[in-house]
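Counting convention: from 1, in listed order, for ligands and their atoms alike.
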Amino acid sequence: MRLFQGCAYRPYSGAMQTLDPGDPAALADEVASRFEQLHGRPPQAVVAAPGRVNLIGEHLDYNGGLCLPMALPHATYAAVAARDDDVVTVTSGQADDRFEGRLDALGPGDVSGWAAYAAGVLWAMREDGWDLTGCDVVVESRVPVGAGLSSSAAIECSVALGAVTLAGVEADGAVRSRLVRACMRAEAEVAGAPTGGMDQAVALFARAEAALLLDCRDWSMRQVPWAPAAAGLALLVVDTRASHALTDGGYGARRRDCEDAARRLGVELLRDVDDPQAALAELADDERVHQRVRHVFTELDRVRRTVELLDAGDMDGIGPLLTASHLSLRDDYEVSCEELDVVVETALDTGALGARMTGGGFGGSAIALVRADAVEDVAAAVSDAYDGRGWPAPGLLTAPPSAGARRLR
Ligand code: ADP
Ligand code: MG
């Protein structure tokens with residue numbers, strides 16, 4: 001299987017060139033034409049679901065904690081049409097093999113590779129009681145794949161929304177909540193990559209000019225005002241281009257540490273701990289677990305303080321919290337890496353108000369909150385830092401908060 005980026009990275013060359021999210025209407029036309037070329041008929045609908053960055057609240061979702069993601073303008077576009085048999089086909093501009101399978105053979109063990117994310121969603125939706133027909137799906141993505149910006153949830157949620165549209169059902173909040181669960185199940189059970197639900201929730205519920213405060217214990221959510229441009233700020237996203245797969249499964253190991261700690265503390269989720277200081281004292285005999293849990297508690301506190309500041313309209317004020325989050329992820333949770341640290345340090349040295357890794361870590365992307373007129377300087381400094389180390393150029397995006405999954409035509 002070959003996977004390549006949905007859009008070409010261009011090296012930094014004087015004026016900042018960022019990864020282009022493209023124009024949604026033009027991209028919808030493009031994927032519709034591609035569908036027609038492949039299937040000899042027009043699609044019945046075109047939908048889009050975005051990638052995301054998490055402002056703060058990292059590795060808290062599976063602990064029942066809080067996170068504050070926002071949608072990127074970069075999205076995955078899916079053109080869909082029903083078939084009159086029980087066959088499902090999925091074609092992606094980011095993969096060279098076409099998937100074809102029967103509706104009743106899309107579950108765990110039936111589908112492998114990238115198609116597990118797309119076709120697995122249809123399996124999970126049927127498990128949840130959706131009455132689906134066979135369908136053709138053509139996908140095209142502007143979300144960098146494997147960069148920690150959640151291309152996986154973007155493809156899942158685009159397929160899910162496409163299927164709902166074909167079923168003639170309006171995608172209201174209740175339907176979207178069901179789709180979050182189905183997409184999570186597809187990723188965990190069919191693709192074999194357990195996720196905590198943040199990516200799918202923000203892909204389906206994000207609004208422009210807002211970040212989504214998500215409570216991963218009861219799944220309640222609230223839109224928090226987040227319009228950096230109005231405050232003369234911008235959020236710069238840097239894809240480090242690094243992806244360090246740890247042999248021990250870094251994500252799984254962190255998750256297990258948290259689950260073990262919760263068991264020791266007699267709670268279901270670390271979020272349920274009432275007295276963090278007492279809990280940390282109880283875990284003092286295990287240095288590693290102690291550190292992991294300390295990150296969870298301090299990060300939860302940072303999310304709450306970030307939300308208070310944003311509610312009060314103080315966007316500058318969150319900078320130090322972003323940076324503190326990075327240090328906690330680097331030193332206590334130990335999920336950063338050299339590339340992420342270099343991006344964060346360089347951004348801060350160039351005047352960023354705050355910066356941190358975002359997403360699971362071990363590579364992926366970092367964010368920096370910068371004054372709008374300093375975006376180019378910070379981007380140039382990061383590119384130079386990469387260049388000086390002989391690393392391949394980083395991917396650069398600016399990220400105005402954007403809309404969640406929606407039908408485009
Ligand atoms: P991220 O979600 O951060 O991009 P993941 O490892 O969670 O990284 O998901 C990336 C995987 O999702 C890819 O390896 C591929 O299997 C699948 N995927 C995502 N977008 C697409 C796409 N447009 N076409 C095909 N597969 C995709
Ligand atoms: Mg993912």
Short version for D199: what comes under 4.0 Å of ligand 1, heavy atoms counted, is neither

Using a strict 4.0 Å cut-off to heavy atoms of S141, name the atoms of ligand 1 that fall inside it.
23 (N)

Can you tell me if S150 has an N, O or S atom under 2.8 Å away from the Mg ion (ligand 2)?
no

With no hydrogens and no angle check, do the side chains of Q291 and R294 hold a donor and an acceptor under 3.5 Å apart?
no

Report the residue from E287, E334, E299 that forms a salt bridge (Lys or Arg N to Asp or Glu O under 4.0 Å) with R292.
E334

Between L72 and R142, is a side chain to side chain contact (heavy atoms under 4.5 Å, CB included) present by the stated rule, with each step listed?
CA-CA 10 Å; L72 294 173; R142 285 290 175 119; over 6 Å; no

So if I count the atoms of ligand 1 from 1 in the order they appear, which ones are less than 4.0 Å from some heavy atom of G148?
3 (O)

Would one find an N or O of S151, backbone or side chain, under 3.5 Å from an N or O of ligand 1?
yes

Among all residues two or more places apart in sequence or in another chain, which pass the side-chain hydrogen bond (donor to acceptor under 3.5 Å, both in side chains) test with D172?
none

Provide the number and element of each atom of ligand 1 under 4.0 Å from a heavy atom of L149.
3 (O)

Looking at V342 and A385, what are the two nearest heavy atoms and their distance?
CG1-CB, 4.0 Å

For Q94, take its heavy atoms, then give the atoms of ligand 1 lying under 4.0 Å from any of them.
22 (C), 23 (N), 24 (N)

Hey, does T76 sit under 4.0 Å from ligand 1 if you only count heavy atoms?
no

Could an N or O of ligand 1 be found under 3.5 Å from any N or O of A95, whether backbone or side chain?
no

Nearest-0.5 Å distance that lies between atom CG in L66 and atom CE in M198
12.0 Å

Going by side-chain hydrogen bond (donor to acceptor under 3.5 Å, both in side chains), name the residues that satisfy it together with Y386, two or more places apart in sequence or in a different chain.
none

Within-cut-off N or O pair, A153 and ligand 1, under 3.5 Å
no

Can a side-chain donor-acceptor contact be found between D341 and H326 if the only test is distance below 3.5 angstrom?
yes

Is it the side chain, the backbone, both or neither of W114 that has a heavy atom closer than 4.0 Å to ligand 1?
both

Checking contacts here: is it the side chain or the backbone of S92 that comes within 4.0 Å of ligand 1, counting heavy atoms only? Could be both or neither.
side chain

